[in-house]
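Only one structure is covered here, and it is reproduced in the block below.
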Amino acid sequence: MTARNLYDLFRSHFPQDPDALFLEVPDGQSVPYAALDGETGRLAALLDGLGVAAGDRVVVQVDKSPTAVLLYLACLRLGAVYVPLNTAYTADEVAYFLGDAGPRVFVCRPQDAERAQAVAAAAGVAHVLTLAADGGGTLAAGAAGLAPLDVVAERSCDDVAAILYTSGTTGRSKGAMLTLENLASNAQTLHALWGWVPGDVQLHALPIFHVHGLFVALHCALLNGSTTIFLPGFDPARVTGLLPRATVFMGVPTFYTRLLDHPDFGAGACASMRLFLAGSAPLLAETFDAFTARTGHRIVERYGMTETGMITSNPYAGGERVAGTVGYPLPDVIARVADGDGHELPRGETGVLEVKGPNVFKGYWNMPEKTAEEFRRDGFFITGDMATMAEDGRVTIVGRAKDLVISGGYNVYPKEIELLIDEVPGVRESAVVGLPHPDFGEGVTAVVVRDGGAGTEVDEAAILAALDGHLAKFKQPKRVFFVDELPRNTMGKVQKNELRTRYADTYRR
Ligand code: MCA
Ligand code: AMP
């Protein structure tokens with residue numbers, strides 16, 4: 001990357017047309033490209049006044065809004081580290097993130113301000129600001145009267161631009177440090193690979209607290225100087241209604257199954273579309289095929305991780321988009337399928353996918369040992385995904401070596417839930433698995449062994465009540481089953497595969 005700051009890189013692609021829109025917000029205030037310098041400059045002035053300097057963290061847990069995007073860009077300008085959090089996280093979860101990230105500023109929703117003040121005070125956070133979905137709150141009010149700060153901090157490629165938390169197999173979330181180089185290289189590669197052209201319009205319905213909606217989608221549009229039609233969330237009727245104005249759409253598989261379930265969705269809605277992309281979870285071949293049959297479009301499935309950004313993609317041009325595969329490693333990414341010791345396996349064999357390239361993160365914030373555990377000595381990052389690579393390099397993800405459930409594109413680590421369930425009075429032990437789910441792809445499911453001696457006849461409602469308020473809704477089990485004992489192998493390890501088989505039909509339509 002030659003730019004000294006990611007914002008500078010984006011700015012070099014802003015259209016000259018003073019009316020060109022960056023974010024077009026149906027029923028709201030749109031954001032022209034021409035306003036970006038001023039608006040982000042004002043937010044930068046506010047943060048600067050609160051003492052936010054390069055390298056300081058700004059933790060943000062807010063509903064999707066144009067101002068949230070401007071805040072991200074303002075952090076880039078200052079060289080501050082942007083740390084977005086899923087709005088579903090509870091106060092308990094936020095307390096951990098604030099304690100770990102140690103931000104100078106925490107921006108939250110107005111309705112969460114009271115609890116946020118308490119949590120922030122306990123974590124020693126100096127300032128709490130609010131931002132509502134409509135842009136209101138103390139953040140905008142504080143910035144409104146300020147002169148834009150004419151700053152674009154000089155950063156190096158290796159400086160951290162954002163920390164994104166991913167859940168950990170041990171139950172503790174890890175903050176993935178993403179550098180300017182990580183974000184810029186991935187954005188530039190994807191922008192070229194997916195053939196962005198002048199005039200492209202993106203329809204955006206993803207959340208913006210994860211890599212998919214924030215980086216993959218918005219960075220490509222920014223590098224293209226494109227307009228993004230910016231929706232507050234995914235609603236199949238709204239998406240169907242707005243698609244005729246768009247050329248590019250990115251979604252998790254649940255978006256596509258919900259669109260296919262919508263009676264008005266079809267080829268007509270997709271007439272102007274150039275590209276549908278899917279990722280964050282496996283896209284079933286049946287969804288790919290049904291989508292092609294209904295619309296004539298072949299979805300481009302790609303694969304990535306928070307720690308790496310995008311790793312592989314099916315071809316946009318010059319190759320087949322094959323359902324059930326995730327395509328080829330990106331041009332600047334090296335991927336190998338390896339055995340448990342990191343030795344590359346012959347093509348066609350199944351092993352763990354390992355990757356290396358400018359997209360691979362710098363490490364986990366405050367966790368050097370965890371970072372070291374996930375890298376090979378030769379610098380390859382161990383994804384924890386099981387894959388095969390065909391002779392021509394095409395990658396198929398066939399499973400996970402890590403104990404992870406992906407529900408509607410959100411990651412859920414069973415360990416985190418099991419630890420909480422095991423604390424419920426009357427529970428001896430538990431195992432959490434993901435089962436096939438028609439809407440979310442996988443449904444989080446708990447299998448619990450009661451503690452006969454405790455005297456309490458704990459039931460499904462009691463387990464769910466105990467989790468409520470402590471665990472984000474999307475992590476909470478959709479069903480809880482009770483068994484006398486968990487199936488174990490000779491080593492004493494719980495056989496989750498057996499549980500997945502036993503309860504496989506739980507969510508069948
Ligand atoms: C909402 N609920 C969920 C989920 N979302 N439960 C399980 N899994 C979910 N993903 C809960 C709600 O709290 C609610 O609970 C009930 O399910 C039904 O809510 P509903 O209104 O249907 O949900 P929604 O608001 O429509 O949300 C579904 C969604 C959303 C649109 C699919 O989850 C979503 O936007 N997912 C995208 C995630 C994403 O962007 N992932 C990218 C990560 P109750 O009824 O009890 O209140 S980045 C990544 O993975 C890597 C880098 C990559 O490769 O991209
Ligand atoms: P996250 O930690 O949210 O970044 O999730 C990354 C994980 O999502 C990967 O390690 C994969 O397990 C999964 N994933 C992302 N895209 C795909 C895909 N296209 N097919 C299968 N799994 C995927």
Side-chain angles (χ1 to χ4, degrees), residues 63-64 84 86-90 164-169 173-174 176 178 182 186 190 204-217 231-239 250-259 261 277-285 287-288 299-314 323-327 352-353 355 359 361 374 381-387 395-413 434 437 439-445 464 467-468 471-478 507:
D63 288 318
K64 186 175 175 182
N86 193 326
T87 45
Y89 290 142
T90 63
L164 271 80
Y165 278 93
T166 75
S167 312
T169 39
S173 284
K174 300 168 289 185
L178 299 167
N182 296 152
N186 216 229
L190 297 174
H204 191 294
L206 287 159
I208 53 167
F209 38 66
H210 284 307
V211 165
H212 197 164
L214 182 62
F215 299 146
V216 184
L231 294 177
F234 178 76
D235 169 24
R238 278 199 105 185
V239 167
M250 301 189 190
V252 296
T254 300
F255 285 14
Y256 290 103
T257 51
R258 288 189 181 184
L259 279 172
D261 281 344
L277 285 148
S280 305
L283 181 74
L284 295 180
T287 310
F288 178 95
I299 299 171
V300 172
E301 182 175 6
R302 72 359 169 235
Y303 154 80
M305 282 183 78
T306 300
E307 288 91 332
T308 61
M310 298 304 99
I311 297 171
T312 71
S313 175
N314 269 280
T325 81
V326 293
V352 175
L353 195 73
V355 297
N359 57 318
F361 75 134
E374 301 200 17
F381 171 67
I382 307 164
T383 64
D385 289 308
M386 304 295 293
V395 176
T396 303
I397 304 294
V398 297
R400 292 173 206 139
K402 52 195 171 190
D403 191 13
L404 163 70
V405 179
I406 303 183
S407 172
Y410 288 143
N411 285 7
V412 181
Y413 274 91
H437 190 289
D439 187 26
F440 293 124
E442 292 179 323
V444 176
T445 310
L464 296 178
L467 299 180
D468 210 23
L471 200 63
K473 198 98 194 173
F474 69 86
K475 298 180 190 169
Q476 295 179 23
K478 303 276 178 215
Y507 305 110

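For ligands, and for the atoms within them, numbers begin at 1 and follow the listed sequence.
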Who's the nearest protein heavy-atom neighbour of [atom], and how far?
{"atom": "atom 22 (O) of ligand 1", "result": "Arg258 NH2, 3.0 Å"}
{"atom": "atom 32 (C) of ligand 1", "result": "Thr254 CG2, 3.7 Å"}
{"atom": "atom 38 (C) of ligand 1", "result": "Tyr410 CE2, 3.3 Å"}
{"atom": "atom 37 (C) of ligand 1", "result": "Gly408 O, 3.4 Å"}

Could you check whether [atom] has a protein contact, counting only heavy atoms that fall below 4.0 angstrom?
{"atom": "atom 45 (O) of ligand 1", "result": "no"}
{"atom": "atom 35 (O) of ligand 1", "result": "yes"}
{"atom": "atom 19 (O) of ligand 1", "result": "no"}
{"atom": "atom 54 (O) of ligand 1", "result": "yes"}

Flag side-chain contact, heavy atom, 4.5 Å: [X] against [Y]:
{"X": "Val300", "Y": "Ser313", "result": "yes"}
{"X": "Asn411", "Y": "Ile406", "result": "yes"}
{"X": "Val211", "Y": "Met305", "result": "no"}
{"X": "Glu374", "Y": "Thr383", "result": "no"}
{"X": "Phe255", "Y": "Val239", "result": "no"}

Proximal candidate to [atom] [heavy atom criterion; set [options]]:
{"atom": "atom 50 (O) of ligand 1", "options": "Gly279, Gly233, Pro236, Ser280", "value": "Ser280"}
{"atom": "atom 15 (O) of ligand 1", "options": "Arg302, Lys473, Lys475", "value": "Lys473"}
{"atom": "atom 48 (S) of ligand 1", "options": "Met305, Glu307, Met250, His210", "value": "His210"}

Give the minimum heavy-atom separation between [X] and [Y], together with the two atoms involved.
{"X": "Met310", "Y": "Gly304", "value": "CE-CA, 3.9 Å"}
{"X": "Ala472", "Y": "Thr90", "value": "N-CG2, 3.9 Å"}
{"X": "His437", "Y": "Tyr507", "value": "CD2-CG, 3.6 Å"}
{"X": "Leu283", "Y": "Glu301", "value": "N-OE2, 3.2 Å"}
{"X": "Leu206", "Y": "Lys64", "value": "O-NZ, 2.7 Å"}
{"X": "Gly213", "Y": "Ile208", "value": "O-CG2, 4.1 Å"}

Going by distance only, is there an N or O of [X] that falls short of 3.5 Å from an N or O of ligand 1?
{"X": "Gly409", "result": "yes"}
{"X": "Asn411", "result": "no"}
{"X": "Ser407", "result": "yes"}
{"X": "Phe255", "result": "no"}

query = Looking only at heavy atoms of Pro207, does any of them come nearer than 4.0 Å to an atom of ligand 1?
reply =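 Yes, that is the case, since the closest heavy atom of the residue is under 4.0 Å from the ligand.
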
Check ligand 1 against [X] and write out every atom of the ligand that is under 4.0 Å from a heavy-atom position of the residue.
{"X": "Lys478", "result": "3 (C), 6 (N), 7 (C), 11 (C), 17 (O)"}
{"X": "Leu206", "result": "40 (O)"}
{"X": "Thr306", "result": "52 (C)"}

Do the side chain of [X] and the main chain of [Y] share a donor and acceptor less than 3.5 angstrom apart?
{"X": "Gln476", "Y": "Leu464", "answer": "no"}
{"X": "Thr312", "Y": "Val326", "answer": "yes"}
{"X": "Ser407", "Y": "Val405", "answer": "no"}
{"X": "Thr254", "Y": "Asp439", "answer": "yes"}

inquiry  = Salt bridge or not between Glu307 and Lys402? Use side-chain N to carboxylate O under 4.0 Å.
reply    = no

Once you restrict to heavy atoms under 4.0 Å, what part of [X] touches ligand 1? Side chain, backbone, both or neither.
{"X": "His212", "value": "both"}
{"X": "Phe440", "value": "side chain"}
{"X": "Tyr303", "value": "neither"}

ask   = ligand 2: which residues have a non-hydrogen atom closer than 4.0 Å?
value =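 Ser280, Ala281, Pro282, Glu301, Arg302, Tyr303, Gly304, Met305, Thr306, Val326, Asp385, Arg400, Lys402, Ile406, Asn411.
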
key: Any residue meeting ring-ring contact (aromatic ring centres under 6.0 Å, His included) with Tyr410, in chain and number order, not counting sequence neighbours   = His210, Phe474

